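Inspection log for the structure reproduced underneath, given as structure tokens.
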Number of protein chains: 2
Amino acid sequence: MQISSRFSIGVHILSLLAIRPQDHHTSEWLAGSVGTNPVVIRRVLGQLKKAGLAHVKAGSGGATLARELDGITLLDVYRAVDVVEAGKLFHMHEQPNPACPVGANIELVLRLMMSKAQSAMEDVLAAVTMRELVDVLAREIGEKGAAGG
Amino acid sequence: MQISSRFSIGVHILSLLAIRPQDHHTSEWLAGSVGTNPVVIRRVLGQLKKAGLAHVKAGSGGATLARELDGITLLDVYRAVDVVEAGKLFHMHEQPNPACPVGANIELVLRLMMSKAQSAMEDVLAAVTMRELVDVLAREIGEKGAAGG
DNA sequence: TTTCAATGCAACTATCATAGTTACAGCTCC
DNA sequence: GGAGCTGTAACTATGATAGTTGCATTGAAA
């Protein structure tokens, strides 16, 4: 089991929009950096757009950030690409026997723990802004470097 | 995307072994409380056994705890049922373009964040022992009650 | 107004994990 | 030996993911 790569693709896209604001970011251009199909990019970009994180221009094409980097957390991206339903990271078995003491009561207890665990994970994502991520990324690029687009 | 119910089934099984130590815990009996097929139970129980959390008797049948409740954390169960590979909760897209500055460097940065988020989640699981969970469960049962097995 | 590149979306594919099910060999104990 | 149970293989249905093709629509520029 893994959380869909739509999340990492979303972060990648927003990073590109931030770091190379001068370029014309078509889905094909973005797909070239992400290493996937333009349609996959359009799907994710559509979700970022719906979440108010990006603008996308139909016709002439091109995407831009819809918000300041400081106003976008990793949790915003994670929510935008709809990768895990809220409160449903863990799948609880669905038919515990209500006639058994354990079966009748374990769901409540277990859901509480699951919820805490999921929240802890999401809190980490919420604590990181795209600004911070892009800054670290820019430093990496500065040190190691890399050519092309 | 959701983490497999094998985890919640595993916790349910261990709770049953703890709370009703007098019973003969066959896969069919356990399946009755969990609300699933005996084979599903045997599969999970086999994983708990391999992880050293439960004993299972072939032939005559029946499962028992292999460790004190205090010595079993929810993380142990989570690891036992092999629900998420270590460090791989998030799926990173696999072919970022090394010729693009962002593509070449985002993996490192993103994996760091993903790893932190996953660890935060697992730390919560590690902080809860089956003893604590069973105590809460027993209190629930005491308050609300429920008949049968 | 024609043209052209790009988006948005539907539809289809392959692949994989999950979870349920049947079947049966092998083990244990009475 | 027989009854009952485990361990495991094999098969099924279902659903998510991710890639792909095709096309109607859009918008800007020639």
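Keep in mind it's a predicted model, so treat the numbers as computed, not measured. Values reported hereafter were calculated over all heavy atoms of this structure, with side chains retained and with hydrogens, waters and symmetry mates removed. Note on naming: letters A, B, ... go to the chains in the order of the sequence lines (proteins, then strands), and numbering restarts at 1 for each one.
Comparing A:A58 and B:D82 by the nucleotide of DNA chain C whose heavy atom lies nearest to each, the residue mapping closer to the 5' end is A:A58. Between B:H24 and A:R6, the one whose closest nucleotide on DNA chain D sits nearer the 5' end is B:H24. Mapping B:H91 and B:L45 onto DNA chain D via the closest heavy atom, the residue that lands nearer the 5' end is B:L45.
Using a 4.0 Å heavy-atom cutoff across all strands shown, A:V39 reaches at least one base atom of the nucleic acid. Backbone-only engagement by B:K49 is indicated by non-hydrogen atom pairs under 4.0 Å involving sugar-phosphate atoms exclusively. A:G61 comes within contact range of the sugar-phosphate backbone alone, with a heavy-atom separation under 4.0 Å but no base atom that close.
We find that CZ of A:R42 is positioned 18 Å from P of D:dA18, with the value rounded to whole Å. Atom pair A:I41:CD1 and C:dC9:C1' shows a separation of 16 Å (rounding to whole Å applied). Atom CD of A:Q47 and atom P of D:dA16 are 14 Å apart (whole Å). Atoms NZ (A:K50) and P (C:dG8) sit 12 Å apart, rounded to a whole Å. Here the P atom of nucleotide D:dT14 and the CE atom of A:M1 are 23 Å apart, to the nearest Å. Here C:dA19 presents its P atom at 12 Å from CD of A:Q95, a figure rounded to the nearest Å. In this entry the distance linking NE2 of B:H93 with C1' of D:dG19 reads 15 Å, nearest Å. For the pair A:K57 NZ and D:dT25 C1', the computed distance is 17 Å after rounding to whole Å.
Here the shortest heavy-atom pairing between A:L16 and A:H25 reads O-NE2, 3.7 Å. In this structure, B:A66 and B:G52 approach most closely via the heavy-atom pair CB-O, 3.6 Å.
Not a single donor-acceptor pair under 3.5 Å links the side chain of A:E122 to the backbone N or O of A:L75. Under a 3.5 Å cut-off, the side chain of A:Q118 and the backbone N or O of A:L89 do form a donor-acceptor pair.
Taking 4.0 angstrom as the limit, A:S27 places none of its side-chain polar atoms (N or O) nearer than this to OP1 or OP2 of C:dA6. Note on B:S4: a side-chain N or O is less than 4.0 Å away from OP1 or OP2 of C:dA19.
Of the listed nucleotides (D:dA18, C:dA6, C:dT21), C:dT21 has the atom at the smallest distance from the side chain of B:N37. Taking the side chain of B:T36 as heavy atoms from C-beta on, and the options C:dG20, D:dT26, D:dT6, the nearest nucleotide is C:dG20. Closest to the side chain of B:S5, out of C:dA19, C:dC9, D:dG19, is C:dA19. The side chain of B:V40 has C:dT21 as its nearest neighbour among D:dT6, D:dG22, C:dT21. In the set C:dG20, D:dT17, D:dT6, the nucleotide with an atom closest to the side chain of B:R43 is C:dG20.
Between A:F7 and B:F90, the two ring planes are tilted [angle within 30° to 60°].
Between A:D82 and A:R6 there is no salt bridge, since none of the side-chain N atoms of the basic residue sits less than 4.0 Å from a carboxylate O of the acidic one.
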